[in-house]
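Everything below concerns the one structure shown next.
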Amino acid sequence: MKIEPDQLTAFEGTRPGAPGYRFPDADIPAGKASVPGSLRRKIQAALPELSEIETVRHFTNLSGRNFGVDLGFYPLGSCTMKYNPKLNEDTAALNGFSALHPLQPDEDSQGVLEMNGRLIDGLCKITGMAGGTLQPMAGAHGEFTGMKLFRAAFRARGEEKRTRLLVPDSSHGTNPASAHLAGFDVVTIPSGSDGMLDPSALDPYLDDTLAGIMLTNPSTLGLFETSIQEVADKIHGAGGLLYYDGANLNAVMGRTRPGDMGFDVVHINLHKTFSTPHGGGGPGAGPVLVKENLLPFLPVPVMVRAGDRWKRDWDRPQSIGKVSGWYGNTGVLVRAFTYMLSMGGNGLKRASDLAVLNANYLLASLKDVYHAPYPGPCKHEFVLSAKTLKDTTGIAAMDIAKGLVENGIHPPTVYFPLIVHECMMIEPTETETKDSLDHFVDVMKELRELADTNPEALHQMPQSTAVRRVDEVRAARSPVLSHMMIGDRPD
Ligand SMILES: *Cc1c(COP(=O)(O)O)cnc(C)c1O
């Protein structure tokens with residue numbers, strides 16, 4: 001059945017006068033309610049009117065139109081859509097975590113404090129850092145927090161003129177945005193023709209206005225920056241700091257550590273590398289870890305051990321303050337902690353090894369089918385380009401993406417990073433079987449063949465999904481986010 005987008009927006013079966021709910025009789029005598037007139041509804045709320053079973057069917061049907069990693073292969077580059085072990089759900093649901101009130105005193109919250117403290121310890125071990133905070137709710141939030149730490153460190157040194165922050169042109173879009181929001185002047189560093197950072201490109205900026213550099217390593221091209229030691233020496237030599245965007249830790253966990261590469265501040269996307277469910281913008285956690293010299297600036301409160309107890313330390317005069325309302329996204333933190341313990345050190349290392357192996361297997365299988373601008377070997381992900389395909393057949397990266405959707409596979413990240421034309425960025429993760437990788441390769445080959453033999457068919461895909469091609473520009477510029485937007489809105 002094909003349903004056009006506008007049919008999805010109303011509660012289709014609504015029949016006035018046939019609601020599936022009944023409010024209890026009001027127990028406030030008529031005329032006694034003290035809601036001011038200005039706050040009262042002028043017209044009745046437009047609630048859908050459906051029986052209970054129709055409501056259940058409505059939502060169950062809608063849920064089946066979604067796509068998730070539990071439904072199929074999801075090689076969305078830079079997003080690490082690995083399997084989320086269901087064990088994580090059991091621990092996150094434990095009453096001691098899920099029913100705890102954030103205002104409960106330390107004495108009554110020892111379990112969650114210990115979990116937080118030990119999670120930070122584990123993350124420090126994995127990254128080679130000295131301490132950290134679990135407060136940030138996402139990678140971008142971690143970056144922003146890290147940039148605030150940079151500023152606090154420069155302020156403490158009396159070097160507030162350090163405002164220039166270097167960001168390579170292959171970086172994730174959140175990097176320059178976070179740095180800018182935190183008050184830095186962002187300087188984009190062009191990559192070399194091999195996709196790598198060229199250390200000599202930093203030379204013009206190595207002065208006393210340099211704040212530092214923000215890097216993800218391996219980069220979003222899936223390439224390990226082999227000059228990282230030289231880059232770190234240059235930045236530190238000029239008095240700057242290095243920030244590691246650890247969203248791509250899935251390639252290096254257990255193999256190398258950002259702390260050893262010379263980074264001063266790191267964030268980790270727990271919702272990527274540490275197997276907690278994410279998508280559609282949340283939920284997440286972006287803990288930030290720092291070297292010794294930045295510890296005094298961490299957000300309050302800091303988890304500290306006091307004998308055999310844990311407490312939240314608020315007495316940190318140089319702290320940048322709080323960066324979230326409470327103490328972090330606890331449900332996500334418990335899931336990540338569970339993953340870390342159940343994998344163990346060797347398991348985490350093996351996860352990275354297999355993530356890299358899987359990516360290289362796909363790259364080797366596809367590089368003669370599509371153009372591979374950086375032939376590899378790669379780390380956890382790689383990019384292909386549909387540029388020549390588009391020039392010869394009219395089939396663009398977007399058409400390949402839609403063809404994958406038609407085949408029950410989530411598309412890779414497309415048109416990013418911006419430095420590769422018609423880019424498709426593919427990250428299979430370690431949790432896929434060889435069968436699912438081979439199936440992906442088969443489908444990619446079929447689509448490539450279709451581009452030559454029947455491009456029009458590819459332009460028309462997907463055919464069998466609830467929604468076909470949407471107007472992407474309109475979807476971004478004027479999104480309709482609520483059922484209430486359609487029809488009569490009460491106000
Ligand atoms: C996903 C990602 C981010 C942003 O993380 P969010 O949790 O989405 O804010 C930053 N950098 C890289 C390299 C990423 O892959």
Side-chain angles (χ1 to χ4, degrees), residues 69 74-82 84 123 127 133-148 165 167-182 186 188 191 195 197 213-225 228 242-253 258 261 263 265-289 323-324 328-329 331-333 335-336 352 355 359 378-383 410 412-420 423-429:
V69 72
Y74 206 135
L76 189 65
S78 207
C79 293
T80 316
M81 304 305 286
K82 63 169 77 174
N84 313 125
L123 297 176
T127 53
T133 177
L134 301 173
Q135 281 182 38
M137 300 286 185
H141 194 186
E143 293 165 18
F144 178 74
T145 305
M147 291 296 99
K148 285 289 194 192
L165 199 105
V167 178
D169 60 2
S170 64
S171 80
H172 197 272
T174 51
N175 291 185
S178 313
H180 176 76
L181 259 183
V186 176
T188 305
S191 306
L197 188 59
I213 193 164
M214 202 172 194
L215 267 185
T216 184
N217 192 20
S219 70
T220 55
L221 298 170
L223 304 174
F224 191 87
E225 303 285 3
I228 187 61
L242 284 93
Y243 182 94
Y244 184 87
D245 173 347
N248 291 341
L249 209 64
N250 212 42
V252 296
M253 184 170 53
M261 296 177 210
F263 287 91
V265 183
V266 174
H267 88 259
I268 301 178
N269 278 18
L270 296 185
H271 45 292
K272 294 180 181 168
T273 313
F274 287 78
S275 84
T276 80
H278 64 292
V288 170
L289 309 157
V323 296
S324 73
N329 206 345
V332 171
L333 302 176
R335 287 176 175 90
S352 310
C378 63
K379 290 291 178 252
H380 63 300
E381 66 188 1
F382 61 95
V383 296
H410 196 285
T413 298
V414 290
Y415 299 102
F416 180 84
L418 304 174
I419 51 176
V420 175
C423 188
M424 296 180 281
M425 182 204 219
I426 299 169
E427 180 182 9
T429 83

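Ligands are counted one by one from 1 in listed order, and the atoms in each one are counted from 1 as well. Side chains are part of it too, since the values below use all heavy atoms of this structure and drop only hydrogens, waters and symmetry mates. We count residues from 1, following the sequence as given.
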In terms of ring plane angle, is the pair His172 and Phe416 parallel, tilted or perpendicular, where the classes change at 30° and 60°?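 Correct class here is perpendicular.
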
Measuring only between side-chain heavy atoms, which start at C-beta, is Phe263 closer than 4.5 Å to Ile228?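 They are in contact (side-chain heavy atoms under 4.5 Å apart), so the answer is yes.
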
4.5 Å side-chain heavy-atom contact, Leu270 and Leu333: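 Sidechains of Leu333 and Leu270: in contact.
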
The criterion is salt bridge (charged side-chain N to carboxylate O under 4.0 Å, His left out); which residues satisfy it with Lys272, sequence neighbours excluded?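 With sequence neighbours excluded, Lys272 shows a salt bridge (charged side-chain N to carboxylate O under 4.0 Å, His left out) to no residue whatsoever.
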
Show the short N or O contacts, below 3.5 Å, that ligand 1 makes with protein N or O atoms; if there are none, say 'none'.
from	atom 1	to	atom 2	distance (Å)
ligand 1	5 (O)	Asn269	ND2	3.0
ligand 1	7 (O)	Gly139	N	2.8
ligand 1	7 (O)	Asn269	ND2	3.4
ligand 1	7 (O)	His271	NE2	2.7
ligand 1	9 (O)	Gly139	N	3.3
ligand 1	9 (O)	Ala140	N	2.8
ligand 1	11 (N)	Asp245	OD1	3.3
ligand 1	11 (N)	Asp245	OD2	2.5
ligand 1	15 (O)	Ser78	O	2.7
ligand 1	15 (O)	Ser78	OG	2.6
ligand 1	15 (O)	Lys272	NZ	2.8

Residue pair Cys79 / His278: nearest heavy atoms and the distance that separates them: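 Answer, listing the atom of Cys79 first, then His278: O-NE2, 2.9 Å.
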
If you take all heavy atoms of Met424 and Val414, which pair is closest and at what distance?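 Answer, listing the atom of Met424 first, then Val414: CG-CG1, 4.1 Å.
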
